[in-house]
Amino acid sequence: MDNSYSIEDLIGLIEEIVGNATRVPFNKKSMVDADGIEDILQQMRLSLPGEINQAKKVVADKNRIISDAKREAEDIIRRAEMRRNELLDQNDLVKEAQRRATELMSEAQAHSNAVRSTTSSYADNMLARVEELMAKDLSGLRMLRKNISSAGNIQAPPQPPTPPTPPNKN
């Protein structure tokens, strides 16, 4: 018998021998070719180690593929977690920068309001002082004209009314 049969082929040959077996009269038993079955069993014994080794290789390959897939999946998960953490860190940095920018804008607005208020107050005080000085000077000019006109008997033109002096804001 040829040595190149697979286990499945040899089982098929046994089934064929059993299927072609002669029935024993008045009995449910059959007569089979014992030598043929023994030859097939011998071939099975010889083929079995090769089949087992091949099955072991298939199982080992399957285990290796599963192990590689698990390792790759773990690597993908690890990289995804690292990327997520980087994005969260960047998001935290952006939030902190936005918070700080808002804080700086508030401080700048408060400072601007303070400078504006101080500048307005200073300008108002200076203008009040200039107005006061101009009022004094105008009063002095009127008096000087009056003295000149009374000394020379010159008729002075009518005077516009004197504006009231604002209260001092100092």
Side-chain angles (χ1 to χ4, degrees), residues 1-134 164 166-170:
M1 183 170 273
D2 188 3
N3 200 357
S4 63
Y5 289 108
S6 70
I7 294 292
E8 289 85 16
D9 293 337
L10 294 171
I11 290 172
L13 289 174
I14 289 176
E15 288 172 342
E16 190 179 309
I17 290 174
V18 169
N20 292 334
T22 307
R23 304 286 273 157
V24 175
F26 308 110
N27 199 338
K28 290 186 176 182
K29 297 185 180 187
S30 301
M31 292 192 311
V32 293
D33 178 12
D35 290 336
I37 290 179
E38 283 181 11
D39 284 345
I40 293 172
L41 289 173
Q42 183 63 31
Q43 282 295 319
M44 288 175 84
R45 283 189 191 97
L46 293 174
S47 294
L48 201 54
E51 297 274 337
I52 289 173
N53 286 338
Q54 187 176 3
K56 285 180 182 178
K57 285 180 183 177
V58 168
V59 168
D61 285 347
K62 177 194 78 147
N63 289 339
R64 181 187 51 77
I65 290 169
I66 289 172
S67 177
D68 289 348
K70 282 181 181 178
R71 242 188 334 270
E72 187 173 340
E74 289 170 357
D75 188 49
I76 289 170
I77 290 169
R78 182 184 50 77
R79 283 185 282 151
E81 286 175 350
M82 287 173 55
R83 181 66 179 141
R84 184 199 68 190
N85 290 339
E86 288 173 2
L87 291 174
L88 287 174
D89 288 347
Q90 287 176 355
N91 190 31
D92 289 345
L93 289 173
V94 168
K95 284 181 182 177
E96 177 61 23
Q98 287 173 337
R99 185 197 63 75
R100 183 69 179 132
T102 302
E103 185 179 292
L104 289 173
M105 288 294 291
S106 294
E107 289 174 7
Q109 187 65 41
H111 182 71
S112 172
N113 290 342
V115 167
R116 185 177 296 125
S117 175
T118 302
T119 303
S120 293
S121 177
Y122 177 77
D124 186 53
N125 287 338
M126 291 304 292
L127 289 173
R129 179 72 179 135
V130 167
E131 185 179 12
E132 185 180 302
L133 290 173
M134 288 179 77
N168 192 355
K169 291 185 179 180
N170 288 338

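These figures come from a predicted structure and were not determined experimentally.
- Evaluation of the salt bridge (Lys or Arg N to Asp or Glu O under 4.0 Å) test over residues 9-31, restricted to residues two or more places apart or in two chains, returns none.
- A distance of 13.0 Å separates CG in D35 from CD in Q42, rounded to the nearest 0.5 Å.
- When only modelled atom types and interatomic distance are considered, Q109 and N113 share a side-chain donor-acceptor pair under 3.5 Å.
- A pairwise comparison of heavy atoms in G36 and I17 identifies C-CD1, 4.0 Å as the closest pair.
- Looking at residues two or more places apart in sequence or on another chain, you find a side chain to side chain contact (heavy atoms under 4.5 Å, CB included) between V130 and M134.
- Residues passing the side chain to side chain contact (heavy atoms under 4.5 Å, CB included) test with D68, sequence neighbours excluded: R64, R71.
- Checking side-chain atoms of T118 against main-chain N and O of A114 turns up a donor-acceptor pair under 3.5 Å.
- Residue pairs meeting the salt bridge (Lys or Arg N to Asp or Glu O under 4.0 Å) criterion with at least one partner in residues 77-90, sequence neighbours excluded, are D75-R78, D75-R79, R83-E86.
- To the nearest 0.5 angstrom, N125 atom CG is 11.0 Å from E132 atom CD.
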Q.
Quick one, L87 with Q90, criterion side-chain contact (heavy atoms from CB on, under 4.5 Å). Give me CA distance, side-chain angles, the key distance, then yes/no.
A. CA-CA 5 Å; L87 291 174; Q90 287 176 355; 3.8 Å; yes
**Q.** Pair E96-D92, side-chain contact (heavy atoms from CB on, under 4.5 Å): steps then yes or no
**A.** CA-CA 6 Å; E96 177 61 23; D92 289 345; over 6 Å; no
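- Scored by the side chain to side chain contact (heavy atoms under 4.5 Å, CB included) test, Q54 finds no partners at all (sequence neighbours excluded).
- Among residues two or more places apart in sequence or in another chain, the side chain to side chain contact (heavy atoms under 4.5 Å, CB included) test is passed with I14 by V18, I40, L41, M44.
- To the nearest 0.5 Å, the span separating CD on Q43 from CD1 on I7 amounts to 9.5 Å.
- Atoms CD and CD1, on E72 and I65 in that order, are 12.0 Å from each other to the nearest 0.5 Å.
- In terms of modelled atom types and a separation under 3.5 Å, the side chain of T102 and the main chain of Q98 share a donor-acceptor contact.
- Scored by the side-chain hydrogen bond (donor to acceptor under 3.5 Å, both in side chains) test, E8 finds S6 as partners (sequence neighbours excluded).
- Applying the salt bridge (Lys or Arg N to Asp or Glu O under 4.0 Å) definition to pairs two or more places apart or across chains, those involving residues 103-121 are R99-E103, R100-E103.
- I66 CD1 to D61 CG: the interatomic distance, rounded to the nearest 0.5 Å, is 11.0 Å.
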